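The structure presented is a predicted model; accordingly, all values stated were derived computationally and were not measured.
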Amino acid sequence: MKAALLQITSSEMPADNLPMVREMVRDAAAQGAGFVLTPEVTNCVSASRSHQDKVLEPEAGNPFLAGMREEAAAQGVWLLLGSIGVQTDDPDGRFANRSYMIAPDGRIAGWYDKIHMFDVDVTPEETYRESAGYRPGTRAVVVDAGFARIGMTVCYDLRFAALYRTLAQAGAQILTVPAAFSPVTGAAHWEPLLRARAIETGCFVLAPAQSGDHAITKGKQRSTYGHSLVVAPWGEVLLDGGEEVGIHLVDLDMDRVDQARRRIASLSHDREYTLAT
């Protein structure tokens, strides 16, 4: 399977981002990709709740989601829509940070709401409170895409290793980590965390990323780290997209999952234990 990771710099306007991403999906399919992946918040990068209230829409009738489903069907590809912000029925009006696996016929084969919220103080000037605008998900998800079983996660989930072990033990062979990583934490932790998740699980890890300075007119400015990454089940980095926007292609040999797990069968070696304090 040839996979294409789309590295993009989304603006705060879904209507502007949609044609750009659709064109990239077409280009990736023309280059032979059968599995195309986009980053976190593909439809809208914004720190303004009031702006999000105006431009984000529910899943039903969502034009961004509909457009991506149409494109997947038109190109006959599996498409991981890394995540989009969608309106929900949350009593506090919070959105969902929702990832979609779209089949080659355009149907939604599975969806996952980001579980772990990015509520951190990276520096005194760079703080995030994702839970103020997004409600956390409650379910882990593995989707059977035919060519592989895929465990779906999003960005900050990457720091919670137990989630990835759960997905791998449920049959996942590929773990997806669409992201909009901070440049500070990206430079320090992005690659080692992705390599660790691959080594721990014997999975391919595919992490399409937002990159660069985003066009934001309301709220604080936002920059993201880039470096879309693909890591093999033994821990080798197969692809690093650097900082440039574009399409990054990689061939996935799924036999490598079984090979890694035969060499180190740690997924079947769990033991009960107690904690002494």
Between the side chains of [X] and [Y], is a donor N or O closer than 3.5 angstrom to an acceptor N or O?
X: Glu126; Y: Ser182; result: yes
X: Gln210; Y: Ser10; result: yes
X: Thr153; Y: Tyr164; result: yes
X: Ser11; Y: Asn17; result: yes

Pairing of [X] and [Y] as salt bridge, 4.0 angstrom limit:
X: Asp113; Y: Arg98; answer: yes
X: Arg165; Y: Asp270; answer: yes
X: Glu12; Y: Arg222; answer: no
X: Glu71; Y: Arg26; answer: yes
X: Lys114; Y: Glu130; answer: yes
X: Glu236; Y: Arg256; answer: yes
X: Asp157; Y: Arg197; answer: no

**OP:** State, to 0.1 Å, how close Ala132 and Arg94 come at their nearest heavy-atom pair, and which atoms those are.
**Re:** O-CG, 3.7 Å
Original post:
Between Leu79 and Ala72, what is the shortest heavy-atom contact and its length?
Top reply: CB-CB, 4.0 Å
**OP:** Examine Phe160 together with Tyr156 and report whether their ring centres are nearer than 6.0 Å.
**Re:** yes
Original post:
Once you round to the nearest 0.5 Å, how far does CE of Met68 lie from OG1 of Thr42?
Top reply: 7.0 Å
Subject >> Nearest-0.5 Å distance that lies between atom CD1 in Ile102 and atom CH2 in Trp78 >> reply: 10.5 Å
**OP:** Answer yes or no: does atom CD of Gln169 have more than 12 heavy-atom neighbours from other residues, nucleotides or ligands under 6.0 Å?
**Re:** yes
**OP:** Take atom CD of Glu243 as the centre, draw a 6.0 Å sphere, and report whether it contains more than 12 heavy atoms from other residues, nucleotides or ligands.
**Re:** no
Subject >> Residues Ile150, Val142; criterion side chain to side chain contact (heavy atoms under 4.5 Å, CB included); working and verdict >> reply: CA-CA 5 Å; Ile150 299 173; Val142 177; over 6 Å; no
Subject >> Steps toward side chain to side chain contact (heavy atoms under 4.5 Å, CB included) verdict (Cys203, Arg261) >> reply: CA-CA 9 Å; Cys203 287; Arg261 291 176 178 179; 3.1 Å; yes
Original post:
Are any side-chain N or O atoms of Thr127 and backbone N or O atoms of Asp121, one a donor and one an acceptor, separated by less than 3.5 Å?
Top reply: no
Original post:
Would you call the rings of Tyr128 and Phe118 parallel, tilted or perpendicular if under 30° counts as parallel and over 60° as perpendicular?
Top reply: tilted
Subject >> Working for side chain to side chain contact (heavy atoms under 4.5 Å, CB included), residues Val41 and Asn97 >> reply: CA-CA 7 Å; Val41 288; Asn97 192 343; 4.3 Å; yes
Original post:
Trp234 ring centre to Arg263 NZ or CZ under 6.0 Å, with the angle to the axis within 45°?
Top reply: yes
Original post:
Hey, mind stepping through Leu80 and Thr38 against side chain to side chain contact (heavy atoms under 4.5 Å, CB included) and telling me if it holds?
Top reply: CA-CA 6 Å; Leu80 178 83; Thr38 78; over 6 Å; no
